[in-house]
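Written below as structure tokens is the structure these notes are about.
Atoms considered below: every heavy atom in the structure, side chains included; atoms not considered: hydrogens, waters and symmetry mates. Below, chains carry the letters A, B, ... as their sequence lines are ordered, and counting in each starts from 1.
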Protein chains: 2
Amino acid sequence: MARTTRSAPTLSDVARHAGVSLATASRAINGSETRTVGEELRRRVIDSAQSLGYAPNANAQAMARGATRTIGVVVHDLTDPYFAEIADGIATAATEHKLFLTLATTGNKIEALGDMVTALDSMRVRAIILVGARWKDPDLHRGLHTSIEQYVRRGGRVVALGMDFPGVDCVHIDNEAGASALAEALVGRGYRRPLLLAGPERHSTAAARAAGFAARMAELGHPIPPTHRIGSDFTRTGGTIGMRLAIEAGLDYDVVVATSDVMALGALHEASRSGVQIPTDVGLTGFGDVSTLIDVRPSLSTVHVPTRQLARLGLDLALHGPGDGNGSVTVEAIPVLRDSTPPRTGA
Amino acid sequence: MARTTRSAPTLSDVARHAGVSLATASRAINGSETRTVGEELRRRVIDSAQSLGYAPNANAQAMARGATRTIGVVVHDLTDPYFAEIADGIATAATEHKLFLTLATTGNKIEALGDMVTALDSMRVRAIILVGARWKDPDLHRGLHTSIEQYVRRGGRVVALGMDFPGVDCVHIDNEAGASALAEALVGRGYRRPLLLAGPERHSTAAARAAGFAARMAELGHPIPPTHRIGSDFTRTGGTIGMRLAIEAGLDYDVVVATSDVMALGALHEASRSGVQIPTDVGLTGFGDVSTLIDVRPSLSTVHVPTRQLARLGLDLALHGPGDGNGSVTVEAIPVLRDSTPPRTGA
């Protein structure tokens with residue numbers, strides 16, 4: 001590192017070397033929203049920049065162009081494989097567009113969403129992708145609405161993945177249809193008495209899955225009694241607690257239906273701890289089909305959510321969608337039955 | 001959104017409203033490396049900005065201050081729980097400092113590291129944290145060395161996590177000592193004939209773990225013959241292939257020692273597919289103790305790497321370290337024996 005003491009060349013050095021004004025050098029290198037530079041002049045400036053070893057400043061380019069080469073992504077928790085897969089999917093797709101991803105995690109604090117949007121706004125990210133569920137609680141999202149409105153007014157684009165947001169392009173997961181199809185598939189395998197680990201009612205994703213499943217079971221002649229519907233957290237711990245409550249209450253059921261994979265894994269853990277054999281005693285299903293399920297035994301029946309497709313559609317909308325909600329699309333969620341729900345006879 | 005058509009106020013509007021020059025308004029709002037603004041004047045500008053609804057531009061602040069409020073983080077693959085945990089750890093710690101994380105993923109293309117550093121450099125990120133192993137191949141890292149040198153020359157700070165990098169502050173994992181302690185623990189449980197899924201020799205992390213393990217086994221009187229050392233990829237597939245090769249070759253061993261958890265999970269999958277019972281027939285160990293192991297049965301013996309601590313130390317060094325390699329620290333890796341390596345008798 002012999003050159004450490006030499007200071008880095010500035011844009012003024014480049015302008016002087018190329019014999020142009022600073023404004024022209026800036027337009028040639030950083031681009032401009034309104035004015036262009038002739039090709040010959042541009043070439044001369046670029047050549048000077050290269051021979052001097054000048055490195056362009058992406059922030060200067062961002063100010064000149066009005067937006068950066070970054071996409072803001074807000075997730076709740078990267079250690080949840082569902083969020084990690086989506087973030088990785090967006091990052092991979094972004095790389096193809098030579099874009100980067102600025103990541104904000106809320107640490108599962110829903111009320112932090114608005115602040116995250118405002119901070120990403122101040123960085124002039126080109127678009128913001130919000131990943132996660134919506135809570136049916138207007139107060140929780142009030143700050144978020146204001147932040148989004150301000151960002152959009154300045155020309156920002158917001159996309160919501162797996163979340164309904166009025167006036168914003170969304171990629172919806174068809175949770176109700178997926179859960180409904182799961183109910184059919186389970187009845188087809190002989191299950192009649194599900195225990196539904198429904199998650200919190202105010203959590204839009206959990207609620208849609210629970211509603212779709214319960215409605216179809218009722219249509220098929222096997223309505224779920226209120227006792228068999230447990231509203232613990234939409235987390236691994238929520239799955240553990242829901243399962244423990246059911247075991248302690250001595251409930252009778254032939255399959256445990258969790259509204260997410262991590263809840264199902266929590267339930268599996270608690271069942272094993274309490275001597276309930278899965279799938280011998282009761283079946284078990286999750287929702288999401290996160291990639292880490294590959295190492296779980298028995299292999300977990302679930303509803304496949306195409307996270308890679310979700311991520312790619314989200315980035316497409318962020319870059320090219322109308323940005324007003326009219327670009328919204330829906331991806332299908334499809335049941336995948338594995339070893340945790342073998343066919344039952346004599347129900 | 002009734003105000004959508006009104007254009008957003010500019011810094012000039014704020015200056016006019018406060019009755020100050022544009023330069024003063026900029027210094028009051030964006031800060032400056034060299035000049036400050038009196039408190040009364042600053043207050044007047046801030047009040048004008050608030051009453052007009054002006055949102056500061058973080059890129060302008062970055063240019064004024066010479067660095068942004070973002071930390072660049074480069075990982076290979078977010079769907080690998082090891083990288084997801086570290087990225088989440090850095091993001092969480094960064095939030096406490098009101099910093100954001102701009103994430104670059106290489107998609108496991110080692111040679112892309114240099115380009116990622118250059119791109120993050122052009123965004124003037126405050127520091128760059130590189131996560132992952134080093135390859136013992138000078139050509140692969142040549143571009144990376146140049147990119148780092150340029151970034152550092154401009155005052156950037158680089159930290160390497162789990163990777164040795166000359167002239168840069170590193171957070172080392174004591175892989176050799178952890179693997180050595182694992183060898184002792186396994187011998188203590190009666191294991192004598194390990195099959196070592198060593199990973200590629202040029203991969204610094206895999207090599208350190210394999211070397212530490214093999215050296216201690218030899219010291220304890222159980223040297224590993226070359227036939228029992230397989231150099232497949234440092235991935236889940238590498239674990240699967242290594243296990244298949246050992247089974248096909250009809251090798252005799254009492255424990256499979258993989259140099260990473262995902263390799264161990266690949267080996268577990270292949271063993272189960274081929275009718276080899278773990279842990280009844282042979283034991284199995286991984287390395288890393290990623291959080292997703294919690295749902296794997298039998299519970300996997302491994303060497304715990306404190307990823308949260310790694311992430312936190314990495315951010316501390318990035319913000320406050322000397323930046324010249326003298327800030328380097330080492331974290332311990334400690335064996336944790338679980339159900340996949342029960343005590344053996346009659347070895």
Side-chain angles (χ1 to χ4, degrees), chain A residues 1 3-4 6-8 53 55-63 68-70 72-73 77-79 81 83-85 87-88 91-92 95 98 100-107 112 118-124 149-155 167 236 265 268-269 272 291-297, chain B residues 1 3-4 6-8 53 55-63 68-70 72-73 77-79 81 83-85 87-89 91-92 95 98 100-107 112 118-124 149-150 152-155 167 236 265 268-269 272 291-297:
Chain A
M1 301 212 180
R3 292 158 75 194
T4 315
R6 231 174 74 186
S7 74
N57 182 328
N59 298 308
Q61 294 179 332
M63 288 192 62
T68 55
R69 295 204 68 80
T70 56
V73 174
D77 176 6
L78 266 187
T79 64
F83 290 118
E85 278 166 38
D88 191 75
T92 304
T95 302
K98 295 191 187 299
F100 280 79
L101 184 157
T102 290
L103 198 72
T105 62
T106 64
T118 299
L120 291 170
D121 179 0
S122 79
M123 294 176 190
R124 297 291 186 267
E149 197 183 320
Q150 287 180 349
Y151 177 60
V152 168
R153 208 193 313 156
R154 257 189 296 284
R236 191 173 193 283
L265 295 176
L268 179 64
H269 186 81
S272 146
S291 61
T292 49
L293 288 188
I294 194 171
D295 293 311
V296 175
R297 295 290 171 276
Chain B
M1 300 210 179
R3 292 159 74 192
T4 314
R6 231 174 74 187
S7 74
N57 182 328
N59 297 309
Q61 294 179 331
M63 288 191 64
T68 55
R69 294 203 70 78
T70 56
V73 174
D77 176 6
L78 267 187
T79 64
F83 289 118
E85 278 166 37
D88 191 75
T92 304
T95 302
K98 295 190 187 299
F100 281 79
L101 183 156
T102 290
L103 197 72
T105 62
T106 64
T118 299
L120 292 170
D121 179 0
S122 80
M123 294 176 191
R124 298 292 186 265
E149 196 183 321
Q150 287 180 348
V152 169
R153 208 193 313 157
R154 256 189 297 284
R236 192 173 193 284
L265 294 176
L268 179 63
H269 186 82
S272 147
S291 61
T292 50
L293 289 188
I294 193 169
D295 293 310
V296 174
R297 295 290 172 277

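- Of the inter-residue distances, the one linking B:R154 atom CZ with B:D121 atom CG reads 4.0 Å to the nearest 0.5 angstrom.
- Both the backbone and the side chain of A:T105 come within contact range of chain B, each with at least one heavy atom under 4.5 Å from a heavy atom of that chain.
- The shortest heavy-atom contact between B:A87 and B:L101 is O-CD1, 3.6 Å.
- Ranking A:V296, A:I294, A:T292 against chain B, the residue ahead of the rest is A:I294, based on heavy-atom pairs under 4.5 Å.
- Of the inter-residue distances, the one linking A:L120 atom CG with A:L103 atom CG reads 9.0 Å to the nearest 0.5 angstrom.
- Contacts of B:L293 with chain A are absent, with no heavy-atom separation under 4.5 Å from either backbone or side chain.
- Between the B:R69 side chain and the B:K98 main chain, a donor and an acceptor come within less than 3.5 Å of each other.
- Contact annotation for B:T95: only side-chain heavy atoms (C-beta onward) come within less than 4.5 Å of a heavy atom of chain A.
- No side-chain donor-acceptor contact under 3.5 Å links B:S272 to the backbone of B:L268.
- Options A:H269, A:R236, A:R297 differ in how many heavy-atom pairs under 4.5 Å they form with chain B, and the most are formed by A:R236.
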